[in-house]
Amino acid sequence: MIVVAIDGPAGAGKSTIAKALALKLGLRYLDTGAMYRAVTFAAINAEINLTDQDLVADLTRKSEMVLTNDAVFINGLDATTAIRGVQVTSAVSAVAMNSQVRTELRERQRQWVTDHKGGVVEGRDIGSVVFPDATLKVYLTASPLVRAQRRVAQSGGNVDEIAQGIAARDAQDSSRSDSPLVQTSDAAIIDTSDRSIEDVVSQLLKLVLAKS
Ligand code: DC
């Protein structure tokens, strides 16, 4: 079973590259950030205080999530657009810090890979915690300016403001106690700042094929 773990900070190109790689390998793609975002969306909708760890965890365990390549549903609601909005984006780190939520989502991510007989999985703790035995671990990164510019090109906004938001989220994701964003020593570290998607995908394809 082939499992490719793709980790890295926001705006490093993870989603685009993971999707393209999955297509080339004939595997499914899982965006684990979308799962944290979907829980955040559901908690906001239910008017749950996001700092109430037990309540948010309880909601997570009870929630039904469906993730396809281009849509996210939680408890029957289409959350695809809302999970990329400012409200969810600014609140998601608080949910991602909740260890009970992480335990539940991690289990679902492992189950998803078992059900789909492998996959390309992107997130922050995929190679370090969720799939420590992944076929290939990749840590994608890019300069802060390039990452902010990519987000603006994708969803609009002001580069400086987006850069500040990204830096704040990176700091929270890297400093939390439970499964922070880290580079593992066995990951291929790739800076995507000055490279095309095709170029990175073809490099990753070679790396996967060499290992499988
Ligand atoms: O990749 P993204 O920006 O959609 O991720 C949303 C948030 O979820 C971000 O704060 C990092 C967090 N996250 C995480 O803690 N662990 C993952 N495996 C994926 C995302």
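Every number for a ligand or one of its atoms is a count from 1 in the order of the listing.
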Would you call Gln172 a ligand 1 contact, heavy-atom distance under 4.0 Å? no
Residue, atom name and distance, where the atom is the protein heavy atom closest to atom 20 (C) of ligand 1: Gly33 CA, 3.5 Å
When you look for heavy atoms under 4.0 Å from ligand 1, do you find them on the side chain of Arg176, its backbone, both, or neither? side chain
Among the heavy atoms of Ala10, does any lie under 4.0 Å from an atom of ligand 1? no
Using a strict cut-off of 4.0 Å, indicate which atoms of ligand 1 neighbour a heavy atom of Ser93. 10 (O)
Whether the side chain of Arg124 engages the backbone of Pro180 through a donor-acceptor N/O pair (distance < 3.5 Å, no angle test) should be reported. no
Which of the ligand 1 atoms, numbered from 1, are nearer than 4.0 Å to a heavy atom of Ala96: 12 (C), 15 (O)
Could you tell me whether the side chain of Ile74 reaches within less than 4.5 Å of the side chain of Ile83, counting heavy atoms only? no
Are any of the N or O atoms of Lys14 closer than 3.5 Å to those of ligand 1? no
Would you mind checking if Lys211 and Asp186 are paired as a salt bridge, meaning a charged N to carboxylate O distance below 4.0 Å? no
Between Thr16 and Arg150: side-chain donor-acceptor atoms closer than 3.5 Å: no
Just by distance, with hydrogens left out, do Arg37 and Thr89 show a side-chain donor and acceptor under 3.5 Å apart? yes
When you check the gap from the basic side-chain N to the acidic O, do Arg176 and Asp125 get nearer than 4.0 Å? no
How far is atom 8 (O) of ligand 1 from its nearest protein heavy atom, and which residue and atom is that? Tyr36 CB, 3.7 Å
Against ligand 1, does Gln109 come closer than 4.0 Å with any heavy atom? no
Hey, looking at atom 15 (O) of ligand 1, which of Met35, Arg102, Arg124, Arg37 has the closest heavy atom? Arg102
Arg151 N/O to ligand 1 N/O under 3.5 Å: no
Proximal atoms of ligand 1 relative to Thr32 (non-hydrogen, under 4.0 Å): 17 (C), 18 (N), 19 (C)
Indicate whether any N or O donor in one side chain lies under 3.5 Å from an N or O acceptor in the other, for Arg151 and Gln154. yes
Any nitrogen or oxygen of Arg169 lying under 3.5 Å from a nitrogen or oxygen in ligand 1? Just yes or no. yes
Arg84 near ligand 1 by a heavy-atom separation under 4.0 Å: yes
Backbone or side-chain N or O of Glu122 under 3.5 Å from ligand 1 N or O: no
Taken to the nearest 0.5 Å, the spacing of Ile17 CD1 from Leu140 CG works out to 5.0 Å
Assess whether atom CG of Asp194 is packed by more than 12 heavy atoms of other residues, nucleotides or ligands within 6.0 Å. no
Below 4.0 angstrom from a heavy atom of Asp173, which ligand 1 atoms are there? Numbered from 1 as shown, please. 9 (C), 10 (O), 11 (C)
Side-chain H-bond candidate by donor/acceptor type, Arg108 with Ser63, under 3.5 Å: no
Polar atom proximity, Asp125 to ligand 1 (N or O, under 3.5 Å): yes
From Asn45 atom CG to Gln87 atom CD, the distance as rounded to the nearest 0.5 Å: 8.5 Å
